[in-house]
Amino acid sequence: MVNVHTQQTGPFDYVIIGGGTAGCVLANRLSTDPKVSVLMLEAGGKDTYPWIHIPVGYLYTMNNPRTDWMMKTAPDPGLNGRVLNYPRGRVLGGCSSINGMIYMRGQSGDYDTWQKMGGDGWGWDDVLPYFLKSEDSFHGKSDMHNVGGEWRVERQRLKWDILEKFRDAADQVGIHPSDDMNTGDNQGSAYFEVNQKRGVRWHTGKGFLKPALGRKNLTVITRALTSKLVLDGKRVTGVDYTHKGQNFRAIVNLEVLLAAGAVNSPKILELSGIGDPEVLKRFDIPVLHALKGVGANLQDHLQIRTVFKVKNAVTLNQKANSIFGKIMMGLEYAFNRSGPLSMAPSQLGLFSKSDAGEKFPNLEWHIQPLSTDKLGDPLHAFPAITASVCNLRPQSRGHIHIQSLDPAVQPKLTMNYLSAERDRAVAAKSIHLTREIMKAPAVAQFEPEEILPGPQHISDEDLVREAGNIASTIFHPVGTCKMGYDNLSVVDARLRVHGIQGLRVVDGSIMPTITSGNTCSPIIMIAEKAADMIIQDHSQDRLKKL
């Protein structure tokens, strides 16, 4: 029953919940047909904050309530009880407006694995056309790249001598230079490509949503917090949300597209009575549809931040701690849109295997000419570099579930980092491999001195414990509404929620397994493919009715 104070809006053909990385893509693609009406609900605000657009501004958009939901993880045994900040974009463009801007597709094996797990039509050869569809790459047009799309990809606009030497050192230990890490095989080293346009951040709000805003059939409401889905039996017929202190119900004709991300999509499903009955019963939520996998299968990339003090090298530590250095950095960006203010959080990337038994690279290094005690802290006063390394295919699994009936309260993020024995072994091995690189002749001139975790930590057991002290997430949660057909699957291969009509999930939560690299561009690919499937399905429905 509708509350007497609830105002009804619509009907709309499609209601998109979430104006983030995936939602902006869906809004663009679905509204190209002037015969359909589209409503997009975004709980955050508009992308007018200046620091969103300056690349180094991620330092000021994360942990800022204007642009970040300021989430935190539950205390994690694998991190020795630590709690981590967990930024999520609170603005149009979602996490693509505050993330590291790194363009990374992952490896062909990631998607071929999805196909084997029940994701029919999600193999590498199937998804590559959707990466190409939206790409506008500096590489130019080829079998592996495209131009003219909405998703701009450029080279970084800066160089550091110490990063060049680190790359040489990696080459000396068998991680050789690569010309392109986005061909389906990312073994090797290369400077990360970034989602920027002439030194300014490029996010999905700019690339996809802005060109569509003039369409009369697209309605976008910001500061609109979704309360729950409205069901009539096993069909979703609307969405309840609040806006400016008032309650609304948007009526939907065709489908609701849940694109709220791997954290909030399961939260909204659970608040709507769709999920694991054991979870719903704890909050006296009527079980309208039992789906045990909602909120389960959580995966993320945990990054071990090894730090080395260096000599005879210029790093960002010196520049950022000098008034003159700050002035010069500001002038370089103001006049050329280059230099440290144009930096992505990581500049140089390496991909390799932890051991010969891996079919394809399972380690990724993010190399930075800077250092801190922990992410977000001031830079050290001495010159140093950070060589962060993460396990790309963790076996540890966590879960995300509601902890309140209030939709404004974040769900509980139980990450369970390093809970799998294999992940602990890979963590120790990754630190040993990083030390090998730092002992190579190419970096000897810098006399590297290990600060974190520290040379006194030698045994694997010791290194795993220290990894728990120094590791941090790189904010890639996926898998909480996974695609497939087993007992923990939430959506089918066309992203339709099992057993429910008129509802799909379209975001990183549908990944059965995490991709081998940064997840933003794979999520854009998912939204591109989903939009095509949605349009195809409803075109077929219309033909049947004729």
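Just so you know, these numbers come straight off a predicted model, no measurement behind them.
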Compute whether any side-chain donor of one residue and acceptor of the other, for Tyr103 and Gln196, lie under 3.5 angstrom apart.
-> no
Should we say atom CD of Glu421 is surrounded by more than 12 heavy atoms from elsewhere, each under 6.0 Å from it?
-> no
Quick one: side chains of residues 121-131, donor-acceptor pairs under 3.5 Å with protein atoms, not counting sequence neighbours, listed by atom name and distance.
{"residue": "Trp122", "atom": "NE1", "partner": "Ala493", "partner atom": "O", "Å": "2.8"}
{"residue": "Asp126", "atom": "OD2", "partner": "Gly123", "partner atom": "N", "Å": "3.0"}
{"residue": "Tyr130", "atom": "OH", "partner": "Asp532", "partner atom": "OD2", "Å": "2.9"}

Exceeds 12 heavy-atom contacts within 6.0 angstrom, atom CG of Asp179 | no
Find out whether Tyr417 and Ser472 are in side-chain contact, i.e. whether some heavy atom of one side chain is under 4.5 Å from a heavy atom of the other.
-> no
Using a distance-only test with no angle check, is there a side-chain donor-acceptor pair under 3.5 angstrom linking Ser371 and Asn317?
-> yes
Within-4.5 Å side-chain heavy-atom neighbours: Leu302 and Met415 = no
So, Gln410 versus Tyr86: side-chain donor-acceptor pair below 3.5 Å or not?
-> no
Would you say the side-chain atoms of Asp507 and Ser265 include a donor-acceptor pair closer than 3.5 Å?
-> yes
Asp355: partners by salt bridge (Lys or Arg N to Asp or Glu O under 4.0 Å), with sequence neighbours left out | Arg422
His139-Glu193 side chain donor-acceptor pair, cut-off 3.5 Å = yes
So CD1 of Ile102 and OH of Tyr191: to nearest 0.5 Å the spacing works out to 13.5 Å
Crowding at CD, Glu164 (>12 non-hydrogen neighbours, <6.0 Å) | yes
Do Tyr49 and Asn64 come within less than 4.5 Å of each other through their side chains, counting heavy atoms only?
-> yes
With sequence neighbours left out, what residues match Asn186 under side-chain hydrogen bond (donor to acceptor under 3.5 Å, both in side chains)?
-> Gln107
All salt bridge (Lys or Arg N to Asp or Glu O under 4.0 Å) counterparts of Arg305, not counting sequence neighbours | none
Regarding Arg105 and the six-membered ring of Tyr111, is the cationic atom NZ or CZ under 6.0 Å from the ring centre and inside 45° of its axis?
-> no
Reference residue Asp460; test side chain to side chain donor-acceptor pair (under 3.5 Å); the match among His432, Arg424, Lys429 | His432
Do the side chains of Met104 and Phe351 get nearer than 4.5 Å, heavy atoms only?
-> yes
With Asn80, which residues qualify under side-chain hydrogen bond (donor to acceptor under 3.5 Å, both in side chains), at least two apart?
-> Asn469
Can you tell if the side chain of Asp373 reaches within under 4.5 Å of the side chain of His380, non-hydrogen atoms only?
-> yes
So with a 6.0 Å cut-off around NZ of Lys353, is the heavy-atom count from everything else above 12?
-> yes
Starting at CD1 of Ile510, measure out to NZ of Lys529 and round the result to the nearest 0.5 Å.
-> 10.0 Å
So, do Ile304 and Thr434 sit near enough that their side-chain heavy atoms are less than 4.5 Å apart?
-> no
His498 and Tyr485 aromatic centres sub-6.0 Å = yes
Would you check if there is a donor-acceptor pair between the side chains of Asp300 and His476 at a distance under 3.5 Å?
-> no
Report, as yes or no, whether the 6.0 Å neighbourhood of atom CG on Asp486 holds more than 12 heavy atoms from other residues, nucleotides or ligands.
-> yes
The salt bridge (Lys or Arg N to Asp or Glu O under 4.0 Å) partners of Lys267 (sequence neighbours excluded) come to none
Indicate whether the side chain of Thr515 and that of Asp110 have a donor and an acceptor atom separated by less than 3.5 Å.
-> no
Short side-chain donor-acceptor distance under 3.5 Å, Thr513 and Thr113 = no
Heavy-atom side-chain contact between Phe446 and Met438 under 4.5 Å = no
Do the side chains of Pro453 and Thr306 get nearer than 4.5 Å, heavy atoms only?
-> yes
